[in-house]
Amino acid sequence: MLNDEVRKKILEIEMEKTGEVIPVINYGVHECLNRDYTVAIIKTATFRPPPTPTVQLVDNKGNILGEEIVNPEQKHKHEANKNSTFVTPDFVLTHDPKEIEENLKSERLEANPTKQAFLLPPVPFVEVEELEDTCDVVSSSPDPLADVYIKEYFDFEDDPKLASILVGFNVKKD
């Protein structure tokens with residue numbers, strides 16, 4: 001369970017990423033930390049994959065320009081879409097890459113209303129959703145520096161085979 005000190009430190013680390021050329025906004029971590037309870041889970045690679053994308057490229061109008069591929073169904077859907085362009089086997093652009101590049105170049109030169117960011121959205125966490133009396137359950141992976149901080153705080157070694165996940169939830173009130 002995360003106390004207020006740990007929550008504050010994680011939030012500070014996450015906020016440092018918003019000033020980059022293409023900012024990284026870890027909305028999922030913010031949502032986890034805004035719940036009544038937030039727990040950290042340390043996992044290995046054998047842990048189940050996420051049920052929904054954990055990384056999206058978005059513009060400030062909420063348009064998803066690209067996203068991580070997390071399951072075969074999602075991959076097949078994008079393979080069948082002529083507007084999809086796979087950047088890597090695990091990340092697809094859902095808009096024309098040339099248009100995205102032009103928007104990114106022009107926003108460096110002038111104020112552009114289509115500013116782009118990598119968004120790390122909240123992800124469902126079924127194992128906690130299924131518990132009686134829990135609600136508003138979300139999960140997210142913290143920034144790599146926050147991951148190191150969490151592992152150190154809870155006396156885990158900084159092993160690249162270990163990664164942290166935050167799970168935030170509320171408890172139903174009668």
Side-chain angles (χ1 to χ4, degrees), residues 1-60 62-75 77-78 86-94 115-131 134-171:
M1 189 71 63
L2 302 185
N3 62 33
D4 289 342
E5 170 195 343
V6 175
R7 286 175 181 239
K8 182 179 175 185
K9 181 64 177 174
I10 292 170
L11 193 55
E12 286 174 12
I13 293 169
E14 293 293 341
M15 294 303 290
E16 292 173 1
K17 296 293 179 191
T18 58
E20 297 179 354
V21 173
I22 299 181
V24 177
I25 302 168
N26 200 335
Y27 183 59
V29 165
H30 289 266
E31 286 296 299
C32 288
L33 297 174
N34 282 327
R35 299 303 192 260
D36 292 336
Y37 301 94
T38 307
V39 296
I41 297 171
I42 307 299
K43 68 175 186 88
T44 64
T46 61
F47 192 76
R48 63 151 175 82
T52 60
T54 63
V55 179
Q56 298 173 323
L57 178 63
V58 299
D59 66 20
N60 67 353
N63 298 312
I64 297 174
L65 307 175
E67 65 183 4
E68 171 190 33
I69 301 295
V70 295
N71 60 51
E73 296 81 23
Q74 181 193 20
K75 185 172 187 167
K77 178 186 96 173
H78 286 296
F86 282 82
V87 179
T88 70
D90 299 326
F91 195 87
V92 64
L93 294 177
T94 56
K115 186 159 179 66
Q116 301 163 356
F118 283 106
L119 176 71
L120 285 62
V123 174
F125 203 88
V126 171
E127 295 84 351
V128 176
E129 288 174 358
E130 292 176 345
L131 296 175
T134 61
C135 61
D136 307 318
V137 179
V138 292
S139 70
S140 188
S141 297
D143 176 270
L145 293 175
D147 174 69
V148 170
Y149 169 75
I150 291 166
K151 289 188 278 191
E152 286 176 359
Y153 185 87
F154 290 107
D155 293 324
F156 282 86
E157 61 185 271
D158 183 20
D159 182 341
K161 294 180 182 173
L162 300 177
S164 60
I165 300 175
L166 299 182
V167 181
F169 61 95
N170 295 327
V171 175

Please find the pair of heavy atoms, one from [X] and one from [Y], that lie closest to each other, and give the distance.
| X | Y | value |
| --- | --- | --- |
| Phe154 | Ala40 | CE1-CB, 4.3 Å |
| Gln56 | Pro121 | OE1-CG, 3.9 Å |
| Pro51 | Val123 | CD-CG1, 3.6 Å |
| Ser140 | Gly28 | CB-C, 3.3 Å |
| Ile25 | Ala117 | CD1-CB, 3.8 Å |
| Leu131 | Thr134 | O-OG1, 2.9 Å |

Is the closest side-chain donor-acceptor distance between Asp143 and Tyr149 under 3.5 Å? no

Using a 4.5 Å cut-off on heavy atoms from C-beta on, say whether the side chain of [Y] contacts that of [X].
| X | Y | value |
| --- | --- | --- |
| Asp59 | Leu65 | yes |
| Leu57 | Leu93 | yes |
| Leu120 | Val24 | yes |
| Tyr153 | Asn3 | yes |
| Ile69 | Val92 | yes |
| Ser139 | Leu166 | no |
| Ile150 | Ser164 | yes |
| Val39 | Val128 | no |

Between CD on residue Glu5 and CD1 on residue Ile10, distance to nearest 0.5 Å: 10.5 Å

Nearest 0.5 angstrom please: Ile165 CD1 to Cys32 SG, how far? 10.0 Å

Under the side chain to side chain contact (heavy atoms under 4.5 Å, CB included) rule, what do Leu2 and Leu33 come out as? Steps first, then yes or no, please. CA-CA 9 Å; Leu2 302 185; Leu33 297 174; 4.2 Å; yes

Tell me, with the steps shown, if Val138 and Val167 meet side chain to side chain contact (heavy atoms under 4.5 Å, CB included). CA-CA 6 Å; Val138 292; Val167 181; over 6 Å; no

Greater than 12 external heavy atoms within 6.0 Å of Tyr27's OH: no

Tell me if the NZ atom of Lys8 is crowded by more than 12 foreign heavy atoms within 6.0 Å. no

Checking Glu31 against Arg35 for the salt bridge (Lys or Arg N to Asp or Glu O under 4.0 Å) test, could you report, in this order, the C-alpha distance in whole Å, the side-chain angles of both residues, the deciding distance, and whether it holds? CA-CA 7 Å; Glu31 286 296 299; Arg35 299 303 192 260; 2.9 Å; yes

Do the ring planes of Tyr37 and Phe169 sit parallel (below 30°), tilted (30 to 60°) or perpendicular (above 60°)? parallel

Classify the ring geometry between Phe86 and His78 as parallel (under 30°), tilted (30 to 60°) or perpendicular (over 60°). perpendicular

Taking it one step at a time, do Gln74 and Glu68 satisfy side-chain hydrogen bond (donor to acceptor under 3.5 Å, both in side chains)? CA-CA 9 Å; Gln74 181 193 20; Glu68 171 190 33; over 6 Å; no

Starting from the C-alpha separation in whole Å, work towards a yes-or-no answer on side-chain hydrogen bond (donor to acceptor under 3.5 Å, both in side chains) for Asn26 and Glu14. CA-CA 7 Å; Asn26 200 335; Glu14 293 293 341; 3.3 Å; yes

Are the side chain of Asn170 and the backbone N or O of Cys135 linked by a donor-acceptor pair below 3.5 Å? no

Qualifying salt bridge (Lys or Arg N to Asp or Glu O under 4.0 Å) pairs, either residue in residues 157-167, two or more places apart: Lys151-Asp158

Would you sort out whether Asp147 and Leu162 count as a side chain to side chain contact (heavy atoms under 4.5 Å, CB included), showing the intermediate values? CA-CA 9 Å; Asp147 174 69; Leu162 300 177; over 6 Å; no

Listing request: all side-chain hydrogen bond (donor to acceptor under 3.5 Å, both in side chains) pairs with a residue in residues 117-131, at least two apart in sequence or in separate chains. Arg48-Glu127

Between Arg7 and Leu11, is a side chain to side chain contact (heavy atoms under 4.5 Å, CB included) present by the stated rule, with each step listed? CA-CA 6 Å; Arg7 286 175 181 239; Leu11 193 55; over 6 Å; no

